Amino acid sequence: MSEQYDLVEATIKIIQDRRSIRQYSKEPVSEEHLEMILEAARQAPSGENAQPWRFVVVKDEATRKQLGAIAGGGSGRRFTAEFVTQQMQARFESLEDEAKKKAIFEKLTSGRVSAFLADAPVSIVVCGRKDVWDLPYDTSAAIENILLMVTALGLGACWVIAPCIDIRDEERLKDLLGVPEGIKVVSIIAVGHPTRPHRPRPRLPLHELVYDEKWDVAYYEEEA
Ligand SMILES: Cc1cc2nc3c(=O)[nH]c(=O)nc-3n(C[C@H](O)[C@H](O)[C@H](O)COP(=O)(O)O)c2cc1C
């Protein structure tokens, strides 16, 4: 029983400790750790056990620089669209410090927020078979396994979708990595050694998320 409890505690700790890490030291990720991370991905569930995922491991500096440039471009366009449609302003409505707000908007719309991919020692480019209907769900399960194993190993990672949203960027990635027809590039996971501890981002409370039998009937009471 206590062994089971230790496992539960360790699992919760890994889930809670995971956060998106975007700054890494120059220290490489060991082959042993990389294999453990990819093995965790391989063990993920998939619809009909199709296992449609494929992974391209990128360490080459020139390729990483190009990944960073594509990610920065994609991120910049996405956030510029959010800015133009006022979604970004709504998202940061409660932030009163105007200078800080301006700096955040600049970081987002310039794409700098995702260009860090260039400096990650390893990028795992998550791809998958387009003919498998459940591909987005299957790869998401594999990616979460990657993120949790990374955390358990004391490493840091960030799920980056920015270079895969725009079909033109996806084509650039496919050319860069030699990805064939019929395979989609889903996301890139940057992995490395974190340079500093990161604060957790806020999460909505359970009472706002969970309903009791019917939509909008709170399952949990709001904590006082
Ligand atoms: C589907 C998905 C796509 C994401 N894409 C990006 C991205 O393109 N660039 C980036 O910097 N972070 C990206 N993230 C990381 C999120 O910004 C991050 O998970 C979120 O802000 C919560 O912070 P946390 O992961 O530290 O808890 C992505 C996360 C998910 C789940």
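None of these values were measured; they are calculated from a predicted model.
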Do you know the tightest heavy-atom contact between Thr151 and Ile14? CG2-O, 3.7 Å
Kindly compute the distance separating CH2 (Trp53) from OG (Ser46), expressed to the nearest 0.5 Å. 4.0 Å
Can you tell me if OH on Tyr137 sees more than 12 non-hydrogen neighbours from other groups inside 6.0 Å? no
Ser20 side chain reached by Arg18 side chain, heavy atoms, under 4.5 Å: yes
Is it possible for you to say whether Val126 and Val191 belong to one hydrophobic cluster, with membership spreading through side-chain heavy-atom contacts below 4.5 Å? yes
In terms of heavy-atom contacts, does OH of Tyr211 have more than 12 from other residues, nucleotides or ligands at under 6.0 Å? yes
Could you walk me through whether Lys65 and Glu61 pass the salt bridge (Lys or Arg N to Asp or Glu O under 4.0 Å) check? CA-CA 6 Å; Lys65 292 270 171 289; Glu61 195 172 346; 3.8 Å; yes
Report the distance from atom CG of Leu155 to atom CD1 of Ile37, rounding to the nearest 0.5 Å. 5.5 Å
With a 4.5 Å heavy-atom cut-off, do Ile189 and Cys158 have their side chains touching? no
Atom of Pro194, atom of Gly156 and distance for their closest heavy-atom approach: CD-N, 3.6 Å
Evaluate the side-chain proximity of Glu222 to Glu208: yes if any heavy-atom separation is below 4.5 Å, no if none is. no
Starting from the C-alpha separation in whole Å, work towards a yes-or-no answer on side chain to side chain contact (heavy atoms under 4.5 Å, CB included) for Glu98 and Lys102. CA-CA 6 Å; Glu98 285 303 321; Lys102 201 168 161 225; over 6 Å; no
Keeping Arg64 on the side-chain end and Ala120 on the backbone end, is there a donor-acceptor pair under 3.5 Å? yes
Can you tell whether the side chains of Arg77 and Asp169 come within less than 4.0 Å, N to carboxylate O? yes
Is there a continuous path of hydrophobic side-chain contacts, each under 4.5 Å between heavy atoms, that joins Val185 to Ile165? no
For a 4.5 angstrom cut-off between non-hydrogen side-chain atoms, does Pro163 reach Ile188? yes
Decide side chain to side chain contact (heavy atoms under 4.5 Å, CB included) for Val125 and Leu173; before the verdict, give the C-alpha distance in whole Å, the side-chain angles of both, and the deciding distance to 0.1 Å. CA-CA 9 Å; Val125 183; Leu173 286 176; 5.6 Å; no
With side chains defined as the heavy atoms from C-beta onward, is the minimum distance between Arg203 and Arg201 less than 4.5 Å? yes
Minimum heavy-atom separation for Glu223 and His207, please, with both atom names. N-CD2, 4.4 Å
Can you tell me if Lys101 uses its side chain to pair, donor with acceptor, with the backbone of Leu95 under 3.5 Å? yes
Between Glu32 and Ser30, is any side-chain donor less than 3.5 angstrom from a side-chain acceptor? no
Is there a path from Leu147 to Leu38 through hydrophobic residues (I, L, V, M, F, W, Y) whose side chains come within less than 4.5 Å of each other? yes
Exercise: identify the closest heavy-atom pair between Ser114 and Ala71: O-CB, 3.5 Å
Under 3.5 Å, is there a donor-acceptor pair between the Ser187 and Trp159 side chains? yes
Is there a donor-acceptor contact under 3.5 Å from the side chain of Lys130 to the main chain of Leu135? no
Answer yes or no: is there a side-chain heavy-atom contact under 4.5 Å between Thr11 and Leu148? no
With side chain to side chain contact (heavy atoms under 4.5 Å, CB included) as the criterion, how do Val56 and Ile124 come out once you've worked through the C-alpha distance, each side chain's angles and the decisive distance to 0.1 Å? CA-CA 6 Å; Val56 181; Ile124 300 173; over 6 Å; no
Under 3.5 Å: donor-acceptor pair, side chain of His198, backbone of Arg19: no
Taking all non-hydrogen atoms of both residues into account, name the closest pair between Val113 and Ser75 and its distance. CG1-OG, 3.3 Å
Verdict with supporting geometry, Arg112 and Glu106, side chain to side chain contact (heavy atoms under 4.5 Å, CB included): CA-CA 9 Å; Arg112 269 192 294 124; Glu106 202 279 318; 2.4 Å; yes
Salt bridge or not for Asp175 and Arg172, using N-O below 4.0 Å? no
Side chain to side chain, Leu67 and Leu176, heavy atoms closer than 4.5 Å: yes
Quick one: does Asp212's side chain have a donor or acceptor within less than 3.5 Å of a partner on Ala218's backbone? no
With a 4.5 Å cut-off on side-chain heavy-atom distances among I, L, V, M, F, W and Y, is there a chain of contacts connecting Ile143 to Met149? yes
Return the OH to CG distance between Tyr24 and Leu117, rounded to the nearest 0.5 Å. 7.5 Å
Please verify the inter-ring angle class for Phe83 with Phe105; under 30° counts as parallel, over 60° as perpendicular, anything in between as tilted. perpendicular
Rounded to the nearest 0.5 Å, what separation is found between the OG1 atom of Thr139 and the CD1 atom of Ile146? 9.5 Å
Tell me whether Val29 shares a hydrophobic cluster with Ile21, the cluster being built from Ile, Leu, Val, Met, Phe, Trp, Tyr side chains joined at under 4.5 Å. no
Residues Val132 and Ala50: closest non-hydrogen pair is CG1-CB, 3.9 Å
Ignoring hydrogens and geometry beyond distance, is a side-chain donor-acceptor pair present between Gln51 and Asn49 at under 3.5 Å? yes
Does the salt bridge (Lys or Arg N to Asp or Glu O under 4.0 Å) test come out yes or no for Glu171 and Arg168, once each step is laid out? CA-CA 5 Å; Glu171 287 305 319; Arg168 293 164 298 182; over 6 Å; no
Do Gln23 and Asp119 come close enough that some side-chain heavy atom pair is under 4.5 Å? no
Any luck finding a side-chain donor-acceptor pair between Glu39 and Gln43 under 3.5 Å? yes
Value for CZ (Arg91) from CD1 (Ile104), rounded to nearest 0.5 Å, stands at 9.0 Å
Output for pair (Leu177 CG, Thr63 OG1), nearest 0.5 Å, gives 7.0 Å
